[in-house]
Peer 1: 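Below is the structure I would like to discuss, written out as structure tokens.
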Amino acid sequence: MAGNYPNVPSWRMAWDVDGTQLFGRDNGGSPYSISAGDKTDLNSETPDAGYPGNLFVKRTLILIFPEARDLDGYYLQGHSSGAGGPTSGPLEVSTNSTNGIDGTWTQLKGVSSDGGAFSYTGIEKTFARTAIEANTVLGIKALRFSAYGGNSRNVFGLIHLYGEPAPGVNLQRLEIWHPTLDQRLGEADLDWGDVPRNSSATRTFRIKNMHPTLTANSVRAAMSILTDTAPSVVGQAALSKDGGLTWAAQQTLSSPLGPGAISSVLQIRRTTPANATLSVWWHRLFADCTSWT
């Protein structure tokens, strides 16, 4: 258990920045674009910041992944700004769709109101940790679901997806690796759980080049946070590559990572101030590089 919350079923997808396409269709089938800012909001920790829908109008959101993915769980939220909250349409996944319409689709959830595929909780952030639906489907390329505005002008709140690329696909990537074992860092290993104010803790990890033939150059470990507060939570986490002698928001490895190579151990430190806001926050730790050769 991560404090008062159950462990997540898998790794949280960074679908807002990993090449996943997100677009919508209205109840007449016409497509409409969604901004990068809306994508960030939908994968954040702020339920009332998501993509706004129109009153009483059906909206469908479609996600197309850049590669086949194994989905292990999800938390989808529709936010209502008034009485008579939104109703969700079916939640569906496809292993072969290219545009959200073609291909074959499998329904994971049916139509529901105040429950089922959606959870309607206003701005209750902790629900995003306690109401994750564990449901494993392998090798999906697309996901879609709908919301019908009730007495609401903000029918899409959050889209949290848990899973990973299917085995053998998208090998040109870097993974956050276990500090001693030859395996990916566990999905809950960097979950700090419930932490008191005025406290600090440190954990360790490595970085692995997943490609069998290419070298990753100028490999960087860094962090992002999609929501903030006052005082800021951004500075609560820092990284070190020299055993804790120096700390910074990001670290670049001294040497390239060859095919299948694993870096030396890095550290991530959490320092929570005495006046920290009481809430649920998510730091996203990631690794990238400037080029592959």
Peer 1: Is a salt bridge present between K141 and E67, judged by a nitrogen-to-oxygen distance below 4.0 Å?
Peer 2: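 Looking at E67 together with K141, the answer is no, because their closest N to O distance does not fall below 4.0 Å.
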Peer 1: If you measure from CZ on F65 to CE on M13, what distance do you get to the nearest 0.5 Å?
Peer 2: 5.0 Å
Peer 1: How long is the straight-line distance from CD of E92 back to CD of Q107, given to the nearest 0.5 Å?
Peer 2: 6.0 Å
Peer 1: For residues 284-293, pull every pair meeting salt bridge (Lys or Arg N to Asp or Glu O under 4.0 Å), keeping only residues two or more places apart or in separate chains.
Peer 2: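 Residue pairs with at least one partner in residues 284-293: D16-R284, R220-D288.
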Peer 1: Listed by chain and number, what are the side-chain hydrogen bond (donor to acceptor under 3.5 Å, both in side chains) partners of S199, not counting sequence neighbours?
Peer 2: R270
Peer 1: Measuring from atom OG1 of T20 to atom CG of D18, what distance do you get when rounded to the nearest 0.5 angstrom?
Peer 2: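 One gets 3.5 Å once the value is rounded to the nearest 0.5 Å.
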Peer 1: Applying salt bridge (Lys or Arg N to Asp or Glu O under 4.0 Å), name anything that partners R12, two or more places apart in sequence or on another chain.
Peer 2: E45
Peer 1: Please give the remaining members of the hydrophobic cluster of I64, linking ILVMFWY side chains under 4.5 Å, ordered by chain and number.
Peer 2: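 Direct or chained contacts put I64 with F23, I62.
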Peer 1: Do the non-hydrogen side-chain atoms of P66 and N170 ever get within less than 4.5 Å of each other?
Peer 2: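 Result no, sub-4.5 Å side-chain heavy-atom pair not found.
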Peer 1: Could you check whether any side-chain heavy atom of W247 comes within less than 4.5 Å of a side-chain heavy atom of T202, counting everything from C-beta outward?
Peer 2: yes
Peer 1: Under a 3.5 Å distance rule, please check whether T204 uses its side chain to pair with a backbone N or O of P179 as donor and acceptor.
Peer 2: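 Such a contact is absent between T204 side chain and P179 backbone.
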Peer 1: Output all residues satisfying side-chain hydrogen bond (donor to acceptor under 3.5 Å, both in side chains) with T229, sequence neighbours left out; order by chain, then residue number.
Peer 2: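 With sequence neighbours excluded, T229 shows a side-chain hydrogen bond (donor to acceptor under 3.5 Å, both in side chains) to T277, given in chain and number order.
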Peer 1: Identify, with sequence neighbours excluded, every residue that meets side-chain contact (heavy atoms from CB on, under 4.5 Å) alongside L138.
Peer 2: D70, T136
Peer 1: Spell out, as yes or no, whether a donor-acceptor pair under 3.5 Å connects the side chain of S94 to the backbone of A142.
Peer 2: no
Peer 1: Determine whether L76 and F145 make a side-chain contact, defined as any pair of heavy atoms from C-beta on separated by less than 4.5 Å.
Peer 2: yes
Peer 1: Could you pull out all residues at least two apart from E187 that satisfy side-chain contact (heavy atoms from CB on, under 4.5 Å)?
Peer 2: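 side-chain contact (heavy atoms from CB on, under 4.5 Å) check on E187 returns V8, W11.
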Peer 1: Side-chain contact test, heavy atoms from C-beta onward, threshold under 4.5 Å: evaluate it for I132 versus Y162 and give yes or no.
Peer 2: yes
Peer 1: Report yes if the side chains of Y75 and E133 come closer than 4.5 Å at any heavy-atom pair, otherwise no.
Peer 2: no
Peer 1: Quick one: side-chain contact (heavy atoms from CB on, under 4.5 Å) partners of L239, sequence neighbours excluded?
Peer 2: F205, A221, M223, Q251, I268, L285
Peer 1: Under the side-chain contact (heavy atoms from CB on, under 4.5 Å) test, which residues partner W177, sequence neighbours left out?
Peer 2: E175, D182, R184, R206, K208, M210, I262
Peer 1: Any sub-3.5 Å donor-acceptor pair from H160's side-chain atoms to S44's backbone N or O?
Peer 2: yes
Peer 1: I want to check something: taking the side chain as every heavy atom from C-beta on, are Y74 and N135 in contact at a cut-off of under 4.5 Å?
Peer 2: yes
Peer 1: Once rounded to the nearest 0.5 Å, what's the spacing between atom CG of L158 and atom CG of L42?
Peer 2: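 It comes to 7.5 Å.
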Peer 1: Verify, without hydrogens or angle tests, whether N209 (side chain) and L257 (backbone) share a donor-acceptor contact under 3.5 angstrom.
Peer 2: yes
Peer 1: L108 and L63: same hydrophobic cluster, using ILVMFWY side-chain contacts below 4.5 Å?
Peer 2: yes
Peer 1: I'd like to check the salt bridge (Lys or Arg N to Asp or Glu O under 4.0 Å) partners of D189; sequence neighbours left out, ordered by chain and number.
Peer 2: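 Not a single residue meets the salt bridge (Lys or Arg N to Asp or Glu O under 4.0 Å) criterion with D189.
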Peer 1: Would you mind listing every side-chain hydrogen bond (donor to acceptor under 3.5 Å, both in side chains) that reaches into residues 256-267, with sequence neighbours excluded?
Peer 2: none
Peer 1: Does R197 reach the main-chain N or O of A276 with its side chain, forming a donor-acceptor pair under 3.5 Å?
Peer 2: yes
Peer 1: Would you call W281 and Q236 a side-chain contact if the rule is heavy atoms closer than 4.5 Å?
Peer 2: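 No - every pair of side-chain heavy atoms lies 4.5 Å or more apart.
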Peer 1: What about L22 and W105, same hydrophobic cluster or not, with Ile/Leu/Val/Met/Phe/Trp/Tyr joined at side-chain heavy-atom distances under 4.5 Å?
Peer 2: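 No; W105 is not reachable from L22 via cluster members.
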Peer 1: Report yes or no: does D242 contribute a side-chain atom to a donor-acceptor pair with the main-chain N or O of T246 at less than 3.5 Å?
Peer 2: yes
Peer 1: Can you tell me how far apart OG1 (T40) and CG (N43) are? Round to the nearest 0.5 Å.
Peer 2: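 Answer for the OG1-CG pair, T40 versus N43, is 8.0 Å.
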Peer 1: Backbone N or O of T104 within a donor-acceptor pair of the N96 side chain at under 3.5 Å?
Peer 2: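 Judged by distance alone, yes, a pair lies under 3.5 Å.
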Peer 1: Could you list the cluster mates of L181? Members are the ILVMFWY residues connected by side-chain heavy atoms closer than 4.5 Å, either directly or through other members.
Peer 2: none
Peer 1: Is the shortest side-chain heavy-atom distance between I140 and T106 below 4.5 Å?
Peer 2: no
Peer 1: Under 3.5 Å, side chain of D38 to main-chain N/O of I34, donor-acceptor pair present?
Peer 2: no
Peer 1: Measure the spacing between SG of C289 and CZ of R173 and express it to the nearest 0.5 Å.
Peer 2: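 Going from SG on C289 over to CZ on R173, the span is 13.0 Å.
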Peer 1: Do W15 side-chain atoms and I159 backbone N/O form a donor-acceptor pair below 3.5 Å?
Peer 2: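 Indeed, once roles are kept as given, a pair shorter than 3.5 Å links the two residues.
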